[in-house]
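Since the structure comes first, as structure tokens, the remarks are kept for the end.
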Protein chains: 2
Amino acid sequence: MKLPFVQPKMMGEMIRRQIRAVLYHDSVSTTAELAQKTGISFPTISKTLDEMNDQGEVVLTGLGASSGGRRPKQYRLNADHMAGLAVALEKDYSSYALLNYVGEVIGREKLPGVLHDGPERLTEQIGTFVQRYPHLRALTLGVPGAVNNGRVFHIPDYEKFKNLDFKGLYEERFSLQVQVENDMNATVLGYHDRSGDDPNRSLVYLYLGQNGPGAGIMVNGDVVRGSSFFSGEVSFLPLYDSHNFSQAVQEPPSAQDGTERREKLIDAMSRLVAVFTATLNPHTVLFCSTDMTERDLADVRKGSACYVPADNLPSLLVRDWEEDYFHGLNQLTIRTMLSLGID
Amino acid sequence: MKLPFVQPKMMGEMIRRQIRAVLYHDSVSTTAELAQKTGISFPTISKTLDEMNDQGEVVLTGLGASSGGRRPKQYRLNADHMAGLAVALEKDYSSYALLNYVGEVIGREKLPGVLHDGPERLTEQIGTFVQRYPHLRALTLGVPGAVNNGRVFHIPDYEKFKNLDFKGLYEERFSLQVQVENDMNATVLGYHDRSGDDPNRSLVYLYLGQNGPGAGIMVNGDVVRGSSFFSGEVSFLPLYDSHNFSQAVQEPPSAQDGTERREKLIDAMSRLVAVFTATLNPHTVLFCSTDMTERDLADVRKGSACYVPADNLPSLLVRDWEEDYFHGLNQLTIRTMLSLGID
DNA sequence: GAAAGTAATTAAAGAACTTTAATAAGTTGG
DNA sequence: CCAACTTATTAAAGTTCTTTAATTACTTTC
């Protein structure tokens, strides 16, 4: 029996986390503001802030504007306290984003893809970053495959990465906090964070990628991974008498009228939206701008209303997939840094 | 910005909750056991337990067996501290279960259904319980309809209950803590609790009821309600070129061979399992014993393997729906009682 | 430009939990 | 049945937070 309650023993760390969270969110804050937002008394905030200042985690940036009395000290997170690296591993490129402790991208690099070459190339690339940035502490890898606790265990077409324990490997080698996430999961998470909406929404992010369609799903604010990390493999959905989603979306072998092809795609998408509505009933379904236009979406909206009552349909949005993906990876990296705290 | 952290101010109540939770789970416990299981120091447990004893929430039941030293005092929850009422509202009956503070069913009654008559009859029935059991503090209603925060807002065929705010009505009238839950949601929750498995599993509970098929869904241990409380309305799933799930399962108008009919049902079910596998990838899908036999299930298992890779399929189980439903309602009631604590 | 007002910080007192020590209550074996 | 050993309970001391009060540092106004 596990009890997920907070023990008073970890109060200290909890307090620091709350301070970090507010400081990250508001960029700069005063003792009074922190006390108000966290609900912690100001003497405790003041004391903790002093300690964090001594340890270099926060810095005093000056005094705020007065509202008729003594001017308050303003603190912010120390951007140089540590750095994090967010890496998207794609077929054609590896995208590296270097982040400071306040979440700013302080460096971005696109290097050649490593998925075909093998893990050695990746280790090499990461090695140069570790060397260049001595206060690197967190590493996030986004991969187009199924991941369980830092280990890639299903990654079609890239056999060399199969069953590779990234987390074990790089935590040992580089003494970094490492996490690995599936690309679509990172993408929904990225949208979820950027949207700023109620964090308990349910979302589905759809992508008709090169490796076949896939979806990232969040329910009640958590990423859905599934019992065998198979969630979101929508290509298998049996939506027609004798075709699944993937087959319906695919270019048919025989040359075909463009209009007819588009109609088929729209219907498949409409059915997909209907499937999610009749199961999860999510707030929003996201599509990639490479897959769908606003006009397509209007038709999908109309189409799915034929399958389920229109009142229950999610809002449909077109998004830039890469932006949300990178943002998701960055976000994961920042969260790790903020949870690490002191060195 | 809301921070869901625990404030030290509510430590006292948190401690009591943990004690209650362990005491509920283990029935009877000693100071040392409670300290060990909760991680709270034994002087604090001891002090809190004394207070709870004075307030009548726990009782001393005697001394435990010695393991070579002084015999420990044993405490348990006071069964008579308060009572709760769990009600299932079905078309043909209303099932009432009266629960004591340790979660035992101390009374069960099946009264005539009230859904056709209207809320007055229900109020009457509940009224008699309130009168008979003065320490009734919690009421849970299970209804075959969509519910939002104690208010029924979509209940096909039972117009008289539409838009009825049960929670507001009965909390005011009877000064009880009231909650209302959709029947299938209560059912998955019931199975989830009874199974005793990892609480973070994902589950789908399927029921081909009188009011059309529906499903209760849990993901990562939470019930999925959906943006418009439409989740689990699987009858609308577009699984065939020109039929949805409901139409495929329904008795066709033209007389038909029994074998053929069964085959159709099995295929529809297989597709349904495939749909959930390719979206949520749940650990388990539950079926009602009134809908499916073990033999049917074996065929569904085989059938769904045609649509998705067999490794990712959930385990399929046949369950007694009513048992899980009632258990879920009881569980909800008990949780409310335990969260209420003192009077 | 000092007096009065306002707000931030520091200091002191109080509350609640933990850790450690002391005491009380049982068991067991000769 | 009593000495030696175990274990539960009670008591005391130590932490860490909150609450309240005192002090300090500004603004504003006459």
Side-chain angles (χ1 to χ4, degrees), chain A residues 3 5-23 26 28-55 58-76 341-342, chain B residues 3 5-23 26 28-55 58-76 341-342:
Chain A
L3 289 163
F5 290 102
V6 165
Q7 313 285 1
K9 304 162 190 187
M10 18 167 139
M11 280 294 306
E13 184 52 27
M14 281 298 137
I15 288 167
R16 283 171 176 244
R17 283 194 190 199
Q18 294 185 68
I19 292 179
R20 269 180 223 128
V22 176
L23 239 30
D26 293 359
V28 50
S29 196
T30 67
T31 315
E33 282 169 17
L34 284 164
Q36 190 262 312
K37 294 214 176 182
T38 59
I40 297 165
S41 72
F42 63 86
T44 302
I45 297 282
S46 174
K47 192 176 131 274
T48 309
L49 227 35
D50 282 351
E51 288 167 15
M52 290 169 86
N53 196 356
D54 291 346
Q55 291 161 345
V58 302
V59 288
L60 208 156
T61 55
L63 301 178
S66 164
S67 46
R70 178 170 175 173
R71 298 174 59 191
K73 293 181 189 165
Q74 287 184 315
Y75 292 89
R76 57 168 68 224
I342 359 173
Chain B
L3 290 163
F5 290 102
V6 165
Q7 313 284 4
K9 304 164 191 186
M10 18 168 138
M11 280 294 306
E13 184 52 28
M14 280 298 137
I15 288 167
R16 283 170 175 243
R17 282 192 190 199
Q18 293 185 69
I19 293 179
R20 266 180 226 131
V22 176
L23 239 30
D26 293 359
V28 49
S29 195
T30 67
T31 315
E33 282 170 16
L34 284 164
Q36 189 263 311
K37 294 215 175 179
T38 59
I40 297 166
S41 72
F42 63 87
T44 302
I45 297 283
S46 175
K47 191 176 130 275
T48 309
L49 227 34
D50 281 351
E51 288 169 14
M52 290 168 86
N53 196 353
D54 291 345
Q55 292 162 344
V58 302
V59 288
L60 209 155
T61 56
L63 300 177
S66 164
S67 49
R70 177 170 176 174
R71 298 173 61 192
K73 291 183 189 164
Q74 288 184 314
Y75 292 89
R76 57 166 69 226
I342 359 172

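Predicted model, so just to flag it, every value in this text is computed and none were measured.
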I need the [atom1]-[atom2] distance between [X] and [N], as an integer number of Å.
{"X": "Asp50(B)", "N": "dA8(D)", "atom1": "CG", "atom2": "C1'", "value": "13 Å"}
{"X": "Ile45(B)", "N": "dT19(C)", "atom1": "CD1", "atom2": "C1'", "value": "15 Å"}
{"X": "Met14(A)", "N": "dT16(D)", "atom1": "CE", "atom2": "P", "value": "17 Å"}
{"X": "Asn53(B)", "N": "dT9(D)", "atom1": "CG", "atom2": "P", "value": "13 Å"}
{"X": "Gln74(B)", "N": "dT9(D)", "atom1": "CD", "atom2": "C1'", "value": "16 Å"}

*Which nucleotide, dC17(D), dT20(C), dT10(C), lies nearest any side-chain atom of Phe42(A)?*
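Nearest to the side chain of Phe42(A) among the choices is dT10(C).
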*Checking Thr48(A) side chain against Thr44(A) main chain: does a donor-acceptor pair fall under 3.5 Å?*
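Yes; at least one donor-acceptor contact below 3.5 Å.
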*asked:* Using a 3.5 Å distance criterion without hydrogens, assess whether the side chain of Thr61(A) forms a donor-acceptor pair with backbone atoms of Gln74(A).
replied: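 Yes, because the side chain of Thr61(A) sits within donor-acceptor range (under 3.5 Å) of the backbone of Gln74(A).
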*asked:* Show the nearest heavy-atom pair for residues Thr31(B) and Ile45(B), with the distance to one decimal.
replied: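 Looking at all heavy atoms of both residues, the shortest contact is CG2-CG2, 3.8 Å.
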*When you match Pro72(A) and Pro43(A) each to their closest nucleotide on DNA chain C, which lands nearer the 5' end?*
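Closest to the 5' end, via its nearest nucleotide, is Pro72(A).
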Measure all distances between protein nitrogen or oxygen atoms and nitrogen or oxygen atoms of nucleotides 24-26 of chain C, and list the pairs falling under 3.5 Å.
from	atom 1	to	atom 2	distance (Å)
dA25(C)	O4'	Arg70(B)	NE	3.4
dA25(C)	O4'	Arg70(B)	NH1	3.4
dG26(C)	N2	Gly68(B)	O	3.3

*asked:* OP1 or OP2 of dC17(C) versus the side-chain N and O atoms of Lys47(B): is any pair under 4.0 Å?
replied: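 It does, given that an N or O in the side chain of Lys47(B) lies less than 4.0 Å from OP1 or OP2 of dC17(C).
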*asked:* OP1 or OP2 of dA8(D) versus the side-chain N and O atoms of Thr30(B): is any pair under 4.0 Å?
replied: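 For dA8(D), OP1/OP2 do not have a side-chain N/O of Thr30(B) under 4.0 Å.
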*Look up atom CG in Asp26(A) and atom NZ in Lys37(A), then write down how far apart they are to the nearest 0.5 Å.*
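Between atom CG of Asp26(A) and atom NZ of Lys37(A) there are 3.5 Å.
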_If the condition is side-chain contact (heavy atoms from CB on, under 4.5 Å), which residues does Arg71(A) pass it with, not counting sequence neighbours?_
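By the side-chain contact (heavy atoms from CB on, under 4.5 Å) rule, Arg71(A) matches Leu63(A), Ser66(A).
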